[in-house]
Amino acid sequence: MNAQSNTSSTRVDEIVDGIFRISTPVPPSVVPGGFTFNQYLIRDDEPLLFHTGPRMLFPAIRDAIERIVPVTKLRHVAFSHVEADECGSLNQFLAAAPQAAPLCGRIAAMVSIADLADRPPRALADQERLAIGQHTVQWLDAPHVPHGWECGFLADVTTRTLLCGDLFTQFGERHPAITESDILEPSEAARIGMDYYAHSPATGRTLERLASTAPTTLALMHGPAWRGDGATLLRSLASRLEPAPAA
Ligand SMILES: [Fe+2]
Ligand SMILES: [Fe+2]
């Protein structure tokens, strides 16, 4: 996906205590319907970035991070799975932040990141927790949900925020930083139109594991962040993904 956009319009909003949404709009002339690329920064003793954004957005995202913490202080560069918008500028961030290391699941580390990254990754096992100061994060394996064997998510257990990557992706370039409005139907329109899910037989079980963490904030990569009953919303998504019964 072409990531060209009006990078001067990259905005920064604190969506929950210590977690900042960095969002760059992509106009409809580039992506029909418009789009957003979001990253999330947890400001703490060991600052953590979730999603680097595509390589072409590196200068804009670096400058946006600088409004919150010096980029040189980043310690963890985390992401859900291996794609340009997830980790395209990983090595640029590693170069800018001498103490930083990639942070990802074990599959991503084994298959890709141990080779692609300029420094060795810190690989987290499923359910493994990492204290980064006031916040503690937990890695949750989510193979093939929505796509990618190596896929997983990071939950900030301190604020019950699920950094949910491509889940609930929706179009549009203008969204509030955080909303309590429905995000299921707009994201279902995008999902059905693009069919970006792998449709693994384990999708329902994986979404149920995410729901069982009872998140109260969902931090979307494409769209607004959302506040509400995350368990119910994730179970609603699971029900929409269930295969139709055989005729
Ligand atoms: Fe993706
Ligand atoms: Fe994405």
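Keep in mind it's a predicted model, so treat the numbers as computed, not measured.
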- Message: I'd like to know if F20 and V157 are part of one continuous hydrophobic network [Ile/Leu/Val/Met/Phe/Trp/Tyr, side-chain heavy atoms within less than 4.5 Å].
- Response: no
- Task: Please examine the side chains of R160 and T217, heavy atoms only from C-beta on, and report whether any two atoms are closer than 4.5 Å.
- Result: no
- Task: May I ask you to decide if L94's main-chain N or O and R119's side chain share a donor-acceptor pair within less than 3.5 Å?
- Result: yes
- Message: Between L237 and E188, is there a side-chain heavy-atom distance shorter than 4.5 Å?
- Response: yes
- Quick one: do E150 and M110 satisfy side chain to side chain contact (heavy atoms under 4.5 Å, CB included)? Show the steps, please. CA-CA 9 Å; E150 74 280 7; M110 175 182 73; over 6 Å; no
- How about R209: does its CZ atom have over 12 heavy atoms from other parts shown lying under 6.0 Å from it? yes
- Query: How many angstroms lie between atom CD of E83 and atom NE2 of H81, to the nearest 0.5 angstrom?
  - Reply: 3.5 Å
- Query: Are K73 and E66 close enough for a salt bridge, meaning some N to O gap below 4.0 Å?
  - Reply: no
- Query: Do T159 and D17 get their side chains close enough for a donor-acceptor pair, meaning under 3.5 Å?
  - Reply: no
- Same apolar cluster (I L V M F W Y, side chains within < 4.5 Å links), W149/L210: no
- Query: Quick one: does I183's side chain get under 4.5 Å of P224's, heavy atoms only?
  - Reply: yes
- For the student: nearest non-hydrogen atoms of E173 and V26, plus distance: CB-O, 3.6 Å
- Task: Find out whether Q92 and R62 are in side-chain contact, i.e. whether some heavy atom of one side chain is under 4.5 Å from a heavy atom of the other.
- Result: no
- Item | Short side-chain donor-acceptor distance under 3.5 Å, D166 and H147 | yes
- Does T136 reach the main-chain N or O of A131 with its side chain, forming a donor-acceptor pair under 3.5 Å? no
- Linking I/L/V/M/F/W/Y whenever any side-chain heavy atoms sit under 4.5 Å apart, do L90 and V111 land together? no
- Query: Are there more than 12 heavy atoms of other residues, nucleotides or ligands under 6.0 Å from atom CD of Q134?
  - Reply: no
- Heavy atoms, side chains only, cut-off 4.5 Å: are P215 and L218 in contact? yes
- Item | Distance in Å, R67 CZ paired with L41 CG, rounded so as to fall on 0.5 Å steps | 12.0 Å
- Task: Please confirm whether the backbone N or O of M221 pairs with a side-chain atom of N38, one donor and one acceptor, at under 3.5 Å?
- Result: yes
- Task: Check C151 against H144 and note the closest heavy-atom contact, atom names and distance.
- Result: CB-N, 4.3 Å
- Message: I'd like to know whether F171 forms a side chain to side chain contact (heavy atoms under 4.5 Å, CB included) with M194, so could you lay out the CA-CA distance, the side-chain angles of the two residues, the decisive distance to 0.1 Å, and finally the verdict.
- Response: CA-CA 11 Å; F171 289 107; M194 294 191 297; 3.6 Å; yes
- Identify the two heavy atoms, one from H51 and one from Q39, that lie closest to each other, and give their separation to 0.1 Å. O-CG, 3.1 Å
- Greater than 12 external heavy atoms within 6.0 Å of R75's CZ: yes
- Item | For P121 against A114, the heavy-atom pair lying closest together | CD-CA, 3.9 Å
- Item | Full working for side chain to side chain contact (heavy atoms under 4.5 Å, CB included) between L140 and T213 | CA-CA 10 Å; L140 302 164; T213 67; 4.0 Å; yes
- Message: Nearest 0.5 Å, please: how far is CZ in F168 from CD in E185?
- Response: 11.0 Å
- Query: Ignoring hydrogens and geometry, is there a side-chain-to-backbone donor-acceptor pair from D126 to D141 under 3.5 Å?
  - Reply: yes
- Distance-only polar pair, side chains of Q138 and Q127, donor-acceptor under 3.5 Å: yes
- Considering all heavy atoms, the nearest S89-G53 contact: OG-O, 3.4 Å
- Which hydrophobic side chains are connected to L163, either touching it within the sub-4.5 Å cutoff or through other members that do? I15, V16, I19, Y40, I42, L48, F50, L103, L124, L130, I132, V137, W139, L154, I178
- Gap between atom CG of L207 and atom CG of L234 - 0.5 Å precision: 6.0 Å
- dist T216:OG1 -> L162:CG (nearest 0.5 Å) comes out at 10.0 Å
- Task: Apply ring pair (Phe, Tyr, Trp, His ring centres under 6.0 Å) to H135 and list each qualifying residue two or more places apart in sequence or on a separate chain.
- Result: none
- Message: Run the side chain to side chain contact (heavy atoms under 4.5 Å, CB included) test on R227 and T179 for me, step by step, so that the C-alpha distance in whole Å, both residues' side-chain angles and the decisive distance to 0.1 Å come before the verdict.
- Response: CA-CA 6 Å; R227 183 163 44 222; T179 184; over 6 Å; no
- Message: I'd like to check P25 versus R174 (side-chain heavy atoms, cut-off strictly below 4.5 Å). Are they in contact?
- Response: no
- Item | Aromatic plane relationship, F35 with H222 - under 30° parallel, 30 to 60° tilted, over 60° perpendicular | parallel
- State whether Y197 and R191 meet the cation-pi test: NZ (Lys) or CZ (Arg) under 6.0 Å from the six-membered ring centroid, and within 45° of the perpendicular axis. yes
- Query: Any donor-acceptor pair under 3.5 Å linking the side chain of T206 with the backbone of V145?
  - Reply: no
- Query: Sub-3.5 Å donor-acceptor pair from the side chain of D229 to the main-chain atoms of A231, do we have one?
  - Reply: yes
- Item | Side chain D85, main chain P54, donor-acceptor under 3.5 Å | no
- Query: Is there a donor-acceptor pair under 3.5 Å between the side chain of E208 and the backbone N or O of S212?
  - Reply: no
- Query: Do L167 and P146 come within less than 4.5 Å of each other through their side chains, counting heavy atoms only?
  - Reply: yes
- Distance (rounded to the nearest 0.5 Å) between I65 CD1 and T52 OG1: 9.0 Å
- Query: Would a hydrophobic clustering, with Ile, Leu, Val, Met, Phe, Trp and Tyr connected at side-chain separations under 4.5 Å, put L220 with Y196?
  - Reply: yes
- Task: Report yes if the side chains of T36 and T24 come closer than 4.5 Å at any heavy-atom pair, otherwise no.
- Result: no
- Note on the structure: Closest heavy-atom pair, V82 versus A108, reported as atoms and distance to 0.1 Å, is CG2-CB, 4.5 Å
